[in-house]
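Predicted model only: the values in this text are computed from it and were never measured. Below, all heavy atoms of this structure are taken into account, side chains as well, without hydrogens, waters or symmetry copies.
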Amino acid sequence: MKYAIWNKQDTIYTPSGEEFTAEQWKERYKWAKLPRAKVVVAGGLFNGAFMAELEQFKDYYKKQGATITDDMTDEQVLAAAEAWDDRTVEQEATSEERIAAALEFQNLNSLEG
């Protein structure tokens, strides 16, 4: 899982190798001390690679187009955000790219013979 809800007790490990106790992390990000704050961190070993507040996290992904509804559980929201991050976006070739491809094809055909 790319994201997780932090229980405000686990040690935080950053990609730079720093280690923070829960109290040190909450001192660094004081809003995380608020009882109503649900803290989203990175999933996996380097949980300090990402940090956000759940409601703002949800709003961000909703605005991006992710399928997130108000009746979803926290885990479902995190999964939907991860799915949005992992989506592949197919882009149509621009007219310049199509012209370049046609010219390249023409040049390759002229080499035969």
Side-chain angles (χ1 to χ4, degrees):
M1 192 87 174
K2 186 174 183 176
Y3 303 109
I5 301 293
W6 183 46
N7 63 11
K8 299 184 184 184
Q9 296 174 2
D10 290 345
T11 301
I12 297 289
Y13 299 94
T14 66
S16 66
E18 290 186 85
E19 177 182 334
F20 296 88
T21 66
E23 289 310 311
Q24 289 171 321
W25 197 249
K26 287 186 276 186
E27 198 53 40
R28 183 175 238 191
Y29 299 98
K30 295 187 184 336
W31 62 266
K33 293 180 181 181
L34 298 170
R36 68 180 186 278
K38 286 191 180 180
V39 182
V40 180
V41 294
L45 181 62
F46 298 116
N47 54 358
F50 177 82
M51 184 166 169
E53 190 277 323
L54 182 63
E55 291 306 313
Q56 291 178 343
F57 180 85
K58 284 169 41 173
D59 288 343
Y60 170 81
Y61 276 96
K62 282 181 183 180
K63 287 177 185 170
Q64 295 301 309
T67 307
I68 295 176
T69 60
D70 292 334
D71 63 336
M72 290 177 140
T73 66
D74 295 347
E75 289 73 26
Q76 289 171 324
V77 168
L78 300 180
E82 184 173 350
W84 178 257
D85 288 344
D86 292 344
R87 76 194 187 292
T88 55
V89 179
E90 292 188 29
Q91 297 178 341
E92 188 174 313
T94 65
S95 58
E96 290 85 7
E97 291 170 326
R98 289 192 301 272
I99 291 168
L103 289 172
E104 186 176 349
F105 179 73
Q106 243 180 353
N107 288 336
L108 287 174
N109 277 340
S110 68
L111 294 176
E112 292 180 14

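There is no path of hydrophobic side-chain contacts, each under 4.5 Å, that joins Val41 to Ile5. Taken together through direct or relayed side-chain contacts under 4.5 Å among Ile, Leu, Val, Met, Phe, Trp and Tyr, Met1 and Val40 form part of one hydrophobic cluster. Tyr3 and Phe46 fall into different hydrophobic clusters, where Ile, Leu, Val, Met, Phe, Trp and Tyr side chains are chained together by heavy-atom contacts under 4.5 Å. Residues Phe50 and Trp25 do not share a hydrophobic cluster, clusters being chains of Ile/Leu/Val/Met/Phe/Trp/Tyr side chains in contact below 4.5 Å. Residues Ile12 and Trp31 share a hydrophobic cluster, clusters being chains of Ile/Leu/Val/Met/Phe/Trp/Tyr side chains in contact below 4.5 Å.
The shortest heavy-atom contact between Ala42 and Ala49 is CB-CB, 4.0 Å. Among all heavy-atom pairs drawn from Lys26 and Lys33, the shortest one is O-CE, 3.6 Å. When all heavy atoms of Gln24 and Glu19 are compared, the pair lying nearest together is OE1-O, 4.0 Å. Contact detail for Met51 and Tyr29: the closest heavy-atom pair is CE-CB, 3.5 Å. Taking every heavy atom of both residues into account, Gln56 and Glu53 meet most closely at N-OE1, 3.0 Å. Closest approach of Phe20 to Arg28, counting heavy atoms only: CZ-NH1, 3.0 Å.
Residue Lys30 places its NZ atom among more than 12 non-hydrogen atoms of other residues, nucleotides or ligands, all under 6.0 Å distant. Atom NZ of Lys38 has 12 or fewer heavy atoms from other residues, nucleotides or ligands within 6.0 Å.
Atom NZ of residue Lys58 and atom NZ of residue Lys63 lie 13.5 Å apart, to the nearest 0.5 angstrom. The line from CG of Asp59 to CG of Leu54 is 9.5 Å long, rounded to the nearest 0.5 Å.
Contact check for Gln64 versus Tyr60: side-chain heavy atoms found under the 4.5 Å cut-off. Considering only heavy atoms from C-beta on, Leu78 comes within 4.5 Å of Phe57 through its side chain.
Of the possible polar contacts, one joining the Asn47 side chain to the Thr11 backbone as a donor-acceptor pair under 3.5 Å is found. Of the possible polar contacts, none joining the Lys8 side chain to the Val39 backbone as a donor-acceptor pair under 3.5 Å is found.
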side-chain contact (heavy atoms from CB on, under 4.5 Å), that's the test. Do Tyr61 and Val77 meet it? Break it down for me. CA-CA 9 Å; Tyr61 276 96; Val77 168; over 6 Å; no
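Residue Met72 is tested with Ile68, Asp74, Asp70 for a side chain to side chain contact (heavy atoms under 4.5 Å, CB included); the sole match is Ile68.
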